[in-house]
Structure formats: structure tokens, C-alpha cells
Amino acid sequence: MRPAPRRLLPAAPLAALAAAFLLPVGAAGAAPPPVTCGRLDLTDTAAVVANAKGAADVFIGRVVGIDSGTTTGDPGSSPTATGTPTPGAGRAVRHEVLVEDALTGDLHPGEPVRVVFSVVGGKQTQLRLNASYVFFTTGATATLRADGCDGYTSARGLTAVTVDTLRDALTPDTTPAEAKLSAPAGGSDGPPELGRVVAPGAAVGLVGILGLVLLSRVGRRR
């Protein structure tokens with residue numbers, strides 16, 4: 001008995017089947033946006049100045065320690081009156097940072113600070129140990145707050161010229177305004193007359209002479 005002939009699938013269904021196996025998982029959906037956090041171009045002075053708005057301190061620092069602790073919410077938040085944790089509760093990564101140079105603010109080279117980042121997309125920001133970054137922080141205590149995406153950028157390749165340029169751009173202008181001279185309210189017809197200038201001196205001299213004459217007469221009568 002002869003076997004039944006095999007039925008071949010059309011070319012189009014075969015191509016579709018092969019494409020389905022070759023496509024990666026999730027390729028049918030939209031591609032995720034590129035991650036740009038921590039990638040600020042430090043040679044773009046205008047972009048750095050715009051990113052520094054609202055920051056109390058902009059400084060270069062090296063990460064010397066990383067500590068994961070617990071928190072009741074986003075950095076800087078507190079529990080509600082009922083004790084319920086605020087949204088974003090979880091573990092906060094605290095970075096021990098040694099200040100290398102300050103571009104603006106009150107920090108000084110060699111000063112140790114602690115930087116805590118806000119939660120971005122449900123994830124905590126964790127930097128590389130022993131790597132240097134430019135930080136954009138707020139807060140006046142040893143624990144500084146920074147945005148989890150725009151609060152830092154790598155300081156790799158940062159030159160002394162770029163540092164000076166950024167420092168000048170971020171330093172507020174405290175130069176006093178130049179004084180402007182204005183004419184008297186009633187106007188001026190020219191320099192004062194000689195009589196007006198000499199008159200006060202002549203009057204003082206006349207008073208002195210009269211005083212001497214008076215003293216001499218009093219002495220004679222005695």
C-alpha cells in the first residue's frame with residue numbers, strides 16, 4: 001500500500017512561523033526609552049546650570065562607602081499619623097561621599113557627607129564604589145538629598161578647565177552695581193563764584209582778628 005503524499009504548507013505561513021521563533025520576547029511592544037540618568041554632559045555649561053537649579057550644593061565627590069538601611073518612605077519623608085509608611089517604603093541606599101571639590105555651596109574639599117537619592121521608577125540609585133561623580137544636592141546637614149536621576153553624573157574625564165568654567169557659571173554674581181552720577185535737582189550754572197568760596201575763610205579770619213584786639217584792650221585796662 002502506497003503512503004499518502006505529504007501536504008506541504010504554503011510559503012507564507014512558513015515565513016510567518018519562522019519570524020515568530022526569531023523575534024525576541026517583547027519585540028512586539030514598544031522599545032523602552034534609553035536610560036539617561038547620570039549621563040549629564042559636563043561640557044554643556046548651559047545644561048549643567050539648568051540642572052543645578054534648586055540645588056544647594058554642586059560638588060565633585062568620591063564614593064567611599066555604600067550602606068543599605070531601612071526607611072519608612074522616600075528619603076526625607078516620615079510616617080503618617082497612623083504609623084502607615086508613606087509610598088515608596090523600602091530600603092534606602094546611603095552613599096558615604098568624600099568631597100573632592102566644590103563648585104557652589106558651603107562644602108569644602110576633604111569634607112565627608114552622606115548622600116541619599118530619591119526613588120525613581122520604584123528603584124533605588126546605587127553608585128559605584130571608589131568612583132567620582134558630580135552631585136547636585138539639597139539639605140544643610142551631613143545627610144544630603146539628591147534626585148535619583150538628575151542628582152548625579154559621572155565625573156570621568158572631567159578636566160580642570162571644565163571645572164573652572166562650571167564654577168564660574170554656577171557662582172552667583174556679587175559684583176556691586178556701579179554708582180551713577182547725577183546733576184543737582186535745580187541744575188547748575190557753572191562753578192561757584194570766587195567770593196562764595198573765599199567768604200567763609202575771610203569771616204573766620206576776621207573773627208580771629210577781632211578776638212585779638214579785644215584781648216589786647218582788656219590787658220591794657222588791667
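Within the model, atoms NZ of Lys123 and SG of Cys149 stand 12.5 Å from one another, a figure rounded to the nearest 0.5 Å. The OG atom of Ser154 sits 8.0 Å away from the CZ atom of Arg128 when rounded to the nearest 0.5 Å.
Shown here for Val93 and Thr125, the closest heavy-atom pair between the two residues is CB-O, 3.9 Å. When all heavy atoms of Gly105 and Asp57 are compared, the pair lying nearest together is CA-OD1, 3.2 Å.
Within the 4.5 Å cutoff, no side-chain heavy atoms of Pro109 are placed close to those of Glu100. Side-chain contact check for Val48 versus Leu103: every heavy-atom pair is 4.5 Å or farther apart. Residues Ile60 and Leu158 form a side-chain contact, since some pair of their non-hydrogen atoms from C-beta on lies under 4.5 Å apart. Side-chain contact between Val97 and Arg114: absent, with no pair of heavy atoms (C-beta onward) separated by less than 4.5 Å. Considering only heavy atoms from C-beta on, Asp147 stays 4.5 Å or farther from Phe117 through its side chain. Between Leu166 and Thr45 the shortest side-chain heavy-atom distance falls below 4.5 Å. The side-chain heavy atoms of Leu42 and Thr153, taken from C-beta on, include a pair separated by under 4.5 Å. Counting only heavy atoms from C-beta outward, the side chains of Gln124 and Val119 approach each other to under 4.5 Å.
Clustering ILVMFWY residues whenever any of their side-chain heavy atoms sit less than 4.5 angstrom apart, transitively, puts Tyr133 in the very cluster that holds Val99. By the rule that hydrophobic residues join a cluster once side-chain heavy atoms approach within less than 4.5 Å of another member, Val63 and Val113 end up as members of one cluster. Phe136 is connected to Val49 through a chain of hydrophobic side-chain contacts under 4.5 Å among Ile, Leu, Val, Met, Phe, Trp and Tyr, so both are in one cluster. Both Leu170 and Val163 are part of a single hydrophobic cluster, where members link through side-chain heavy atoms under 4.5 Å apart.
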*Apply the test side chain to side chain contact (heavy atoms under 4.5 Å, CB included) to residues Arg94 and Ile66: give CA-CA distance (whole Å), side-chain angles for both, the deciding distance (0.1 Å), then the verdict.*
CA-CA 6 Å; Arg94 296 188 292 268; Ile66 299 177; over 6 Å; no
*Evaluate side chain to side chain contact (heavy atoms under 4.5 Å, CB included) for Leu144 paired with Val116, printing each intermediate quantity in order.*
CA-CA 6 Å; Leu144 306 177; Val116 179; over 6 Å; no
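Thr159 and Thr162 share a side-chain donor-acceptor pair at under 3.5 Å.
With His95 contributing its side chain and Leu127 its backbone, the two residues share a donor-acceptor pair below 3.5 Å. Of the possible polar contacts, none joining the Thr137 side chain to the Ala146 backbone as a donor-acceptor pair under 3.5 Å is found.
No more than 12 heavy atoms of other residues, nucleotides or ligands shown are found within 6.0 angstrom of CG on Asp106.
Relative orientation of the Phe135 and Phe59 rings is parallel, given thresholds of 30° and 60° on the angle between their planes.
For the side chain to side chain contact (heavy atoms under 4.5 Å, CB included) with Leu40, the qualifying choice from Asp150, Asn51, Val134 is Asn51, the only one to do so.
Between Asp101 and Arg167, at least one side-chain nitrogen of the basic residue sits less than 4.0 Å from a carboxylate oxygen of the acidic one, meeting the salt-bridge criterion.
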